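Side chains included, hydrogens not; waters and symmetry mates left out as well; all remaining heavy atoms used. Quick caveat: nothing in here was measured; it's all calculated off a predicted structure.
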Amino acid sequence: MSVLRYVCLLLILGFTTCPVNAQRIVRNGAPKGRIVLAESSDATAMQAARLLQRFIQESSGAELPILSVAKPRSGDVVIGRLSAVGLSDNLPNLTKDGYCLRNSDGVLRIGSGGGKGTVYGVVTLLERYLGMNYYAAHAYDLNRQTTIEFPPINIVENPAFRYRQSQAYGMRQDSVYRLFLRLDQPEDIFVDRLWVHTFNRLLPASVYGAKHPEYYSFINGMRRPGRASQWCLTNNEVFEIVAARIDSIFRANPDRTMISVSQNDSNFTYCRCEECEKVNIEEGSPAGNYIRFLNRLAERFPDKEFSTLAYLFTMKPPRHVRPHPNVNIMLCDIDCDREVPLTDNVSGREFIEALKGWDALTDNIFVWDYGINFDNMVAPFPNFPILKPNIQLFRKHGVTMHFSQIGGAYGGDFSELRSYVVSKLMWNPDQDTDSLMLHFMRGYYGAAAPFLYQYEKLLEGALLAGGQRLWIYDSPVSHKNGMLNEVCRKRYNQLFDRAEQAVSGDSVLLRRVHLARLPLLYSDLEIARTTSDKDLNEVVRKLNTFERYVTDFGIPTLNERRNSPVDYCRLYRQRYLPSETKNLACGASIRWITPPAEKYRKLGETTLTDGLFGGASFTDSWTGWEGCDGAFVVDLGAEKSITTIETDFLHQLGQWILLPRSVTYSISSDDQTYQPFGRVDFPEDQSVPVKFVPATVTRPEVQARYVRVDVEGVKICPSWHYGVGCPCWFFLDEITIR
């Protein structure tokens with residue numbers, strides 16, 4: 001054989017044979033291996049096998065058969081519990097959801113430590129060796145190749161937390177997407193969907209409240225039964241009723257072992273009866289009563305696990321009592337600001353002290369972390385830099401379960417990106433956040449990625465430079481002199497223009513960029529409504545664009561209160577675009593009779609008559625009274641002809657802002673003698689959405705210079721409200737006089 005022919009033969013063999021030690025499972029579109037379920041494999045192993053089969057076929061066209069308990073041969077992939085897949089030598093230490101991937105003798109073995117370990121092992125195999133990336137619901141890519149070979153593999157991975165939960169709207173649309181995020185959901189482990197704020201489900205006030213008010217909190221001098229009231233935890237009858245209820249729930253669900261017995265969603269509503277207050281004082285925290293109660297349940301049901309909240313008034317750990325090992329502490333950092341890591345601001349450090357305190361008491365901690373803007377989900381929320389250090393902090397202090405409540409709603413700020421990054425970091429907090437962001441953006445936004453990445457980085461820097469806190473009830477208006485000032489927003493919009501241009505020929509990518517632009521459009525609109533100096537044509541153009549996008553995309557809500565973005569656009573035209581009818585109260589002076597809360601007093605002297613209406617967040621333009629009535633006089637400066645007086649009230653139950661009982665108007669020419677003008681009574685409103693509710697009185701024309709407004713507040717939150725027994729607010733904005 002000539003040297004040339006010999007060299008050619010070597011080249012041919014090099015292209016048609018496996019590299020040394022490689023495992024070939026597909027060759028030229030035909031299966032060379034099989035998927036083998038190990039002995040005693042469960043439904044999760046079958047799910048993993050089908051997942052691998054599906055994407056191997058999608059990549060190569062070859063369908064690998066799935067066999068049960070067959071003797072492995074070269075090219076096979078064996079899936080099952082670690083002890084059953086043939087990895088008996090040097091068994092790795094796997095925890096729940098952990099996995100081992102190892103091949104030898106031409107066989108790849110995927111061993112599980114329990115939970116979804118086999119599924120996550122397959123996911124890792126697909127990501128690392130088939131180039132698969134799952135970005136959002138039904139949005140993924142993978143390498144197309146007719147021959148699939150695996151190099152030598154030896155991977156052992158355990159998750160940082162045994163339970164990882166987050167929010168991603170796509171998980172409801174695509175079950176496979178959820179597997180690639182490696183996320184749990186409450187229904188996976190909690191019995192009968194009893195997951196947080198369960199007191200009223202276990203001891204309904206509608207059933208027991210009327211006959212047994214003593215079962216519920218003693219607040220401000222009396223028992224306050226209600227659907228948001230807490231329990232009187234020193235009442236033994238309460239314990240026995242709840243224990244019997246829990247026993248029946250577990251008997252009906254014998255496959256479940258975990259339940260949440262946790263306070264209703266409210267603050268300051270814990271019981272202060274004589275017996276409960278003794279414990280509160282002795283333990284230095286209301287949490288002491290809760291842990292004593294949960295420990296009794298844990299003793300009654302030693303084979304079950306009980307989760308309870310350390311939230312708001314129970315965040316601080318007790319001095320003496322220690323949670324039993326089967327009592328899970330769900331610690332929440334709801335009051336912390338989000339512009340810097342928890343270690344770097346006062347609110348965060350207060351939470352860290354609580355975390356350290358609980359860490360000293362128990363090894364069973366579940367942290368609920370917030371990365372969401374409840375009041376304005378469709379608004380920029382540049383908190384990516386704090387995700388990694390916060391998650392690392394939780395791991396450092398022994399947290400074993402983690403819920404990262406990010407803004408995962410459809411239409412929210414970079415919702416798909418945020419879900420991707422958080423899910424990766426909860427599995428392994430040591431990954432680089434920027435690398436994850438860039439990887440996602442390049443795959444999901446294509447050529448638009450550099451411009452969107454630059455936009456996000458500019459936002460993050462401007463947030464820090466602006467010195468304004470980022471919090472979970474934020475408003476774009478709060479940042480109009482900081483990260484959302486006019487110069488910054490101009491630059492952001494230029495970047496989005498370039499992003500749209502870069503993908504203008506791809507309708508799928510362009511649609512994704514339009515979706516990502518919604519928070520910036522919303523911010524432009526929100527800030528525009530707070531100023532009289534604006535280009536109305538430009539505002540209308542952006543409003544029309546925003547309305548077209550939210551309609552085309554079907555964006556369901558702007559906030560936690562389920563306000564419709566389409567309704568927002570309609571209200572914007574009615575409420576914030578200039579009216580042709582002159583308001584006589586514009587610029588008028590205000591004199592308080594019963595003044596608002598101190599922090600709103602000075603502001604209210606101008607915002608009540610500045611001609612600008614407030615938005616859905618109470619943090620801008622609104623003037624608030626807490627636990628009292630309100631009264632003031634509007635001085636028009638001279639006698640005017642008056643036919644109509646209107647005041648504008650905010651309804652936002654989640655912030656304890658209720659409509660008042662009534663508002664009464666009276667008029668005067670000398671500020672001494674007042675004549676009645678009219679009165680408006682408000683019916684009780686228990687609806688969830690944020691509302692702007694006018695109180696309007698119209699009558700035949702009269703002459704007056706002074707208009708007095710008297711508001712009768714509800715004062716105390718009623719039994720159906722979150723703040724039962726505690727002072728409530730009413731908020732007032734613009735005074736309109738015509």
field: Rounded distance (nearest 0.5 Å) linking atom CG of L331 with atom CG of D369
entry: 10.0 Å
statement: Output for pair (Q165 CD, M171 CE), nearest 0.5 Å, gives 7.5 Å
- request: Could you tell me if the ring centre of Y135 sits under 6.0 Å from that of F440?
  value: yes
Centroid-centroid under 6.0 Å between H324 and F306 rings: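 Ring centroids of H324 and F306 are no less than 6.0 Å from each other.
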field: Salt bridge flag under 4.0 Å for residues E416 and R512
entry: no
message: Looking at K396 and D359, is any side-chain nitrogen of the basic one under 4.0 Å from a carboxylate oxygen of the acidic one?
response: no
task: Flag the pair L52 / L126 as yes when at least one side-chain heavy-atom distance between them is below 4.5 Å, and no otherwise.
output: yes
task: Could you check if a side-chain atom of Y453 sits within less than 4.5 angstrom of a side-chain atom of R442, using non-hydrogen atoms only?
output: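 The answer is no; the side chains never approach within 4.5 Å.
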Side chains of [X] and [Y]: donor-acceptor distance under 3.5 Å anywhere?
X	Y	value
N373	R338	no
S404	R418	no
Y169	S415	no
N428	E157	no
H514	D552	no

query: Out of Y163, W368, F394, which residue meets the ring pair (Phe, Tyr, Trp, His ring centres under 6.0 Å) rule with H402?
result: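 Single pass found, and it is F394.
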- prompt: Y140 pairs by ring pair (Phe, Tyr, Trp, His ring centres under 6.0 Å) with which of F55, Y177, Y420, Y444?
  reply: F55
query: Any sub-3.5 Å donor-acceptor pair from T343's side-chain atoms to G348's backbone N or O?
result: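 Checked: no pair found.
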query: Would you call the rings of Y492 and Y455 parallel, tilted or perpendicular, where under 30° means parallel and over 60° means perpendicular?
result: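 Rings of Y492 and Y455: perpendicular, over 60°.
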- request: Begin from the C-alpha positions of T95 and R162 and carry the test side chain to side chain contact (heavy atoms under 4.5 Å, CB included) through to its verdict.
  value: CA-CA 8 Å; T95 61; R162 69 179 170 105; over 6 Å; no
- request: Any chance you could lay out the side chain to side chain contact (heavy atoms under 4.5 Å, CB included) test for F301 and I259, step after step, and finish with the verdict?
  value: CA-CA 11 Å; F301 304 96; I259 189 172; over 6 Å; no
query: Do we get R256 above F250's six-membered ring, with its NZ or CZ under 6.0 Å from the centre and within 45° of the axis?
result: no
message: Check this for me: R201, atom CZ, are more than 12 non-hydrogen atoms of other residues, nucleotides or ligands nearer than 6.0 Å?
response: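 Yes, enclosed.
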- request: Tell me, yes or no, whether the heavy-atom count around D363 atom CG, taken from other residues, nucleotides or ligands under 6.0 Å, exceeds 12.
  value: no
